[in-house]
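The structure under discussion appears below in the form of C-alpha cells.
First the proteins, then the strands, lettered A, B, ... as listed; each starts at 1. Just so it is clear, the values below take in all heavy atoms, side chains as well, and ignore hydrogens, waters and symmetry mates. All values derive from a computational prediction rather than experimental measurement.
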Amino acid sequence: MTKPSNNSCVSIKQALTGEIAADSNICLQGWVRTRRDSKAGFSFINLHDGSCFAPIQLVADKDLPNYDSEILKLTTGCSLRCQGKLVESRGRGQNFEIQVESIEVLGWVEDPDTYPIQPKKHSYEFLREVAHLRPRTNTFGAMTRVRHAASLAVHEYFSQHGFNWIHTPIVTASDAEGAGQMFRVSTLDQMNLPKNDKGNIDYNQDFFGRETFLTVSGQLNVEAYCMAMSKVYTFGPTFRAENSNTSRHLAEFWMVEPEIAFGDLNDLANLAEDFLKSVFRSVLDRCPDDMAFFAERVEPEAITRLETFIEQPFARVEYSEAIEILQNSGKKFQFPVNWGLDLQTEHERFLTEEHFKGPVVVMNYPDEIKAFYMRQNDDGKTVAAMDVLAPGIGEIIGGSQREERLDILQQRMAHHGIDKTEYDWYLDLRRYGTVPHAGFGLGFERLILYITGLSNIRDVIPYPRTPGRADF
RNA sequence: UCCCCAGUAGCUCAGUUGGUUAGAGCGGGUGACUGUUAAUCACUAGGUCGGCAGUUCGAGUCUGUCCUGGGGAGCCA
C-alpha cells in the first residue's frame, strides 16, 4: 500500500511569502527545529523544510488526538506532515503561522540526548564531523541555497552571453598539465600489479590501456570546443592530489572555466569583471534572507562588500607595476619582492586590502613562473596571464590569453619539458584555423566563500574532500 | 609538507603554582509557568579529562610520543 499522495503539500516558502491566501487549508512537511509548550493548552513547533531561510510556526492545540502521546514528545530533528490553516500570527516574529488540524509524525529522533544538531551555536569543526546532518542548521541551509543560486547565476550569465556549456571529461590521460598532482584512475589489482619487460607497471593492461587520472582542469579540452563554438565554458568537478592543508584548498572542488575565441587578455579581464558582478548581483537578488543571515551572524560586511564590489570598477595593474607598488610600500614583507618572483599571499593581501582596497586584476606575469600554454608577449619576458585578487581570499580567478602561434607554443612546450606527442591534438588547434583566444579558471567554492563570508572552504561544499579525509 | 595552537559531559566551554568527591550554560528527563520565538524557573541524569608511556607520595594540570582537529605558510583555484 502506498501512502496517500502528498502532492497537495506546499513548501514553507510558499506559505510564508504570501503566495497562498490567508485562511487556506494547507499541508506542510518538514523537520522540527524547536518546540515550545504552553500549559495554556498548545505547543509552538518551528518547522523547516529547506525551501527558505525562515521556519514556519505551527500552533498545535492540546485537543489534537495525538497531543499528549506524540506532539509533546517531538524534539529537534523529528520529521512530520502537518495539515492546518494558514493564518495571520497573533504573536510577534512572523506574519503567518499554521493553526494545526492534524500532525502526522513521519520520523522520530531515536535518541534526542545524542542528536547532534541542537538549536544553539555549534562550532564549524564539530559540524564537519556530522556533515550528513549539518544541512539542517541555519548556516548550511543558507549556504546550500546560496550555492545553488550562484550555480544558476553562472549558467545564466554564460547562456545569456552566447556561451555553450561543455561537459569536459573527468578522466584524462594528460599527466603533465602543470596544474598539480593528480589522482590515478586504475582498475588494476593493487595487490598484483602487472609488470612489463622493463619491470615497470604495465598500464597497457589497465582499463583504458594506458595511465589515466582525474582531471585537474578542463581547459585544454574546452579550448578545442572554443575553436568551433567561439564561446564555451566548463563547470564541473576538478581534482588535485596536492597535500594542501589550508582553509582555501580542497582535493575535490568545482571549477568554472570559460574560454573565448577572437579575444585577448583585456577582453578576458572584462569578461571576468562583468561575470563576477553579475553572479553577485543575482545571488543578492535571489537570496536576501540567506544573505541577511550571513551578514548578521557570519560576516557583517557580507552584503555591503558585494554591493561595493558590484559598483566599483576593478583596479587593473601590470605585474611590473604591482612589484613597484610593493617595493615602494615601505612595508616589511616576509618574502622578497623582486621582478620575476611570484606574488605571495602577503603581497596579494597588501594589494587588495591596503593599497587598492578592493579587487585587483594583475596582468602580464613573467613567463618563467607561468604555464606553457600562456601567450608570449612581445617584450619576450612576460606572458599574457592575469589573476583576479579579492580581499580576504586572495586569488579568485586565474587566466590567460593562450599561445595561438604553433611555433612559439612548440618552443614553450619544449622549454617546459612537455611531451609533444601527448599534446599533438592540442597543437592541431594551432595548425588548423588558429585564432587568438583566452580563458580563465574560477574556483567555485572560493566564490561561495567570498559571497557568504564563511572562512573555511570545507564549509561551502556538502562533503569536503581533503588530505586524509573522505568521510561520508 | 613546514611552523604554531588545541583536545575536559551529547554540544560550547571553565578548571589557580600538581593536592580530597572535576564545574557551568545549552541540549535530554521530570515538574512549574507562559501567544511562545535559541522562552523562563526548579529539580535530575550524564565524564576512563584524545591514546600510550613516563616523572611524582599524588597528574585534567608536568615530560615524551602517537592520533585527531584548528590557524598560518608553501602549492594553487
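- With both pairing distances under 3.5 Å, B:G35 is matched to nothing as a Watson-Crick or G-U wobble pair.
- Comparing the P positions of B:C62 and B:U44 gives a spacing of 33 Å, expressed to the nearest Å.
- Geometrically, A:Arg446 does not engage A:Phe253 in a cation-pi contact, judged by NZ or CZ lying under 6.0 Å from the ring centre and within 45° of the ring axis.
- A:Asp342 has its CG atom 10 Å from the P atom of B:A77, to the nearest Å.
- Counting to the nearest Å, the C1' atom of B:G70 and the CG atom of A:Asp459 are 12 Å from each other.
- Across all strands shown, A:Ser43 has no heavy atoms under 4.0 Å from either base or sugar-phosphate atoms.
- Open room surrounds NE2 on A:His415; 12 or fewer heavy atoms of other groups in view lie less than 6.0 Å from it.
- The pair A:Arg147-A:Glu445 counts as a salt bridge, with a side-chain nitrogen and a carboxylate oxygen less than 4.0 angstrom apart.
- In this structure, A:Tyr233 and A:His161 have side chains that are not in contact, with every pair of non-hydrogen atoms separated by 4.5 Å or more.
- Counting non-hydrogen atoms under 4.0 angstrom, A:His249 reaches a base of the nucleic acid.
- One C1' atom belongs to B:C5, the other to B:A22, and the distance between them is 24 Å to the nearest Å.
- Distance CE (A:Met374) to P (B:C76): 10 Å, rounded to an integer number of Å.
- When the C1' atom is compared between B:G47 and B:G35, the two are found 39 Å apart, to the nearest whole Å.
- A:Glu445 comes within 4.0 angstrom of no nucleic acid atom, judged by non-hydrogen atoms across all strands.
- Taking atom CD1 of residue A:Ile98 and atom P of nucleotide B:U37, one finds them 20 Å apart after rounding to whole Å.
- Judged by Watson-Crick or G-U wobble contacts below 3.5 Å, the nucleotide B:A6 has B:U68 as its partner.
- Among the heavy atoms of the strands lying under 4.0 Å from A:Arg128 are primed sugar atoms or P, OP1, OP2 only; no base atom is included.
- Remark: A:Ser247 is in phosphate contact with B:G72, judged by side-chain N or O atoms under 4.0 Å from OP1 or OP2.
- Taking the P atoms as reference points, B:G28 lies 30 Å from B:G71, given to the whole Å.
- Take the nearest nucleotide of RNA chain B for A:Leu250 and for A:Ser455: the residue whose nucleotide is more 5' is A:Ser455.
- As rounded to the nearest Å, B:U8 and B:C4 have P atoms that lie 22 Å from one another.
- When both distances must be under 3.5 Å, the Watson-Crick or G-U wobble mate of B:C11 is B:G25.
- Residue A:Thr34 places no side-chain N or O under 4.0 Å from the OP1 or OP2 atom of B:A38.
- In this model, the phosphate group of B:G74 is not approached by any side-chain N or O of A:Ser244 to a distance below 4.0 Å at OP1 or OP2.
- B:U63 and B:U16: their P atoms are spaced 15 Å apart (whole Å).
- Side-chain proximity of A:Ser38 to B:U34, B:C76, B:A73: nearest is B:U34.
- Taking side-chain N and O atoms only, A:Arg458 has a distance below 4.0 Å to OP1 or OP2 of B:G71.
- Residue A:Arg36 places at least one side-chain N or O closer than 4.0 Å to OP1 or OP2 of B:A39.
- At the heavy-atom level, A:Glu97 lies under 4.0 Å from base atoms of the strands shown.
- Regarding A:Phe53, its CZ atom lies at a distance of 11 Å from the P atom of B:A38, rounded to whole Å.
- If you check every strand for non-hydrogen atoms under 4.0 Å, A:Gln118 touches a base.
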- Passes side chain to side chain donor-acceptor pair (under 3.5 Å), A:Thr34 versus A:Arg36? Steps please. CA-CA 7 Å; A:Thr34 58; A:Arg36 296 174 296 280; 3.1 Å; yes
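- Phosphate contact (OP1/OP2 of B:C75, side-chain N/O of A:Asn245, threshold under 4.0 Å): absent.
- Using a 4.0 Å heavy-atom criterion, one finds that A:Arg297 contacts no nucleic acid atom at all.
- Counting heavy atoms of neighbouring residues, nucleotides and ligands inside a 6.0 Å radius, atom CZ of A:Arg349 does not exceed 12 of them.
- Rounded to a whole angstrom, the distance from the P atom of B:A24 to that of B:A6 is 25 Å.
- Within the nucleic acid shown, A:Asp37 comes within 4.0 Å of at least one base atom, counting heavy atoms only.
- Rounded to the nearest Å, the gap between the C1' atom of B:G69 and that of B:G50 is 11 Å.
- Among the atoms of the strands shown, only primed sugar atoms or phosphate atoms (P, OP1, OP2) are found under 4.0 Å from some heavy atom of A:Phe126.
- For A:Arg469 and B:U68, the CZ to P distance is 9 Å, given to the nearest whole Å.
- Rounding to whole angstrom units, CZ of residue A:Arg90 and C1' of B:U34 are separated by 13 Å.
- Residues A:Gln83 and A:Ser102 have side chains that never bring a donor and an acceptor to within less than 3.5 angstrom of each other.
- Per the stacking criterion (ring centres < 5.5 Å, plane angle < 30°), A:Phe42 does not stack onto the base of B:G35.
- The nearest whole Å value for the distance from the CG atom in A:Leu343 to the P atom in B:A73 is 14 Å.
- Along RNA chain B, the nucleotide nearest A:Glu346 and the nucleotide nearest A:Gly468 are compared for position; the residue whose nucleotide lies closer to the 5' end is A:Gly468.
- Counting non-hydrogen atoms under 4.0 angstrom, A:Ser89 reaches a base of the nucleic acid.
- Atom CZ of A:Arg184 has more than 12 heavy atoms from other residues, nucleotides or ligands within 6.0 Å.
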